[in-house]
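The structure appears right after this line, and notes come after that.
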Amino acid sequence: MSAVSDRLPTFPWDKLEPYKQTAAAHPDGIVDLSVGTPVDPVPELIQKALADAADSPGYPTVWGTPALRDAITGWLERRLGARGVTHRHVLPVVGSKELVAWLPTQLGLGPGDTVAYPRLAYPTYEVGARLARAEYRVYDDPRELDPANLRLLWLNSPSNPTGRVLAKDELTEIVAWARAHGVLLVSDECYLELGWEADPVSVLHPDVNGGSHDGILAVHSLSKRSNLAGYRAAFVAGDPAVLGPLLEIRKHGGMMTSAPTQAAVVAALGDDEHVRVQRERYAARRTLLREALFGHGFRIEHSEAGLYLWATRGESCWDTVAHLAALGILVAPGDFYGEAGERFVRVALTATDERVRAAVARL
């Protein structure tokens, strides 16, 4: 056990605990804008679908029900503009973090292989490489990487934490580069439906991939767009030559989404209205927090999409965390996402309207 845990970095969120205690001591209570966990209700039609499927005594399948696969392929075509996607092009997963953490291992990567991810990035990309005992590299532009031994290239657009969106032309060039060098490209697109000042595009769009899914995968989650973080509902789509073996591995490992959750995902992907309503909630909170941060002397970079504002006062991120904690506001330090974030904080939009108003008043 220790041999595995020793490969991993210190769990970053533990470092935030003293600041959380400071913020919680505020007379009006804490405003937690750190983790980014949804706080709004699960839409009723999704709750009903889950409840209606509650009598599920048998084992679910790893590949999901035909209805689930139909819902995923239908959504990919309707929302992302994907073409030619069949059941062989999709695979449900037990939340996107599970896939990110274990994909290098399930792909058979190990010592001598390299995994690359953005310089500012979700920490689990590095964790996945470490679990597989693979090498890892960060990049500003993936096309500047040395392709020797590079086996897995992570993209993240819209980005967590910065909210940066890769333009269609840039995505197209990166896909072509990865294919030319035989590198599997996996695009984490979990925030794709939350574009504010940009319209994010998927690598599954034919304008990006030339009508072929060879060598590419896209990861999508229902945690943010449908408030289903507690359901652990996500999927990966793309190259059947990659997904077929992954399905077999995951069958052996019992990595299956529960049957009630599968039914809930079918309902969620079939309804666009609840996504529109949730987008409006986040947009209103974003406007309030953005203006308040500007007024408090912050500068905001990127943040054109996603659930976060990437903000700086030109000082150490931990000084900013301490400053805001004294106001009862908890945010995430930028260095959780890489050394390049050492002077930024990530401010989540995931607090209730009442708590957001409290933060704005304090700022």
For Trp102, does the CH2 atom sit with more than 12 other heavy atoms under 6.0 Å from it, leaving out its own atoms?
-> no
Measure the OG1-CG distance between Thr114 and Leu153 for me, rounded to the nearest 0.5 Å.
-> 11.5 Å
From Ser258 OG over to Tyr59 OH, what is the distance, rounded to the nearest 0.5 angstrom?
-> 14.0 Å
Salt-bridge criterion met for Glu98 and Arg250 (N-O under 4.0 Å) | yes
Less than 4.5 Å apart, any side-chain heavy atom of Val186 and any of Leu217?
-> yes
Determine, stepwise, if the pair Arg285 / Asp353 fulfils side chain to side chain contact (heavy atoms under 4.5 Å, CB included).
-> CA-CA 7 Å; Arg285 293 166 187 165; Asp353 292 342; 2.7 Å; yes
Do NZ/NE/NH1/NH2 and the carboxylate oxygens of Arg276 and Asp271 come within less than 4.0 Å?
-> no
Answer yes or no: is there an ion pair linking Asp188 with Lys97, defined by an N-O contact shorter than 4.0 Å?
-> no
SB check Glu291 Arg286 (cutoff 4.0 Å) | no
Are Glu193 and Arg79 ion-paired here, with the side-chain N under 4.0 Å from a carboxylate O?
-> yes
So, Glu301 and Arg299, do they make that salt bridge, N to O below 4.0 Å?
-> yes
Does a side-chain heavy-atom distance below 4.5 Å link Gln278 with Asn227?
-> yes
Does the Arg69 side chain pair with the main chain of Gly64, one donor and one acceptor, at a distance under 3.5 Å?
-> yes
Are any of the side-chain nitrogens in Lys251 or Glu248 under 4.0 Å away from the carboxylate oxygens of its partner?
-> yes
Tell me whether Phe344 is reachable from Trp13 by hopping between hydrophobic residues (I, L, V, M, F, W, Y) whose side-chain heavy atoms are closer than 4.5 Å.
-> yes
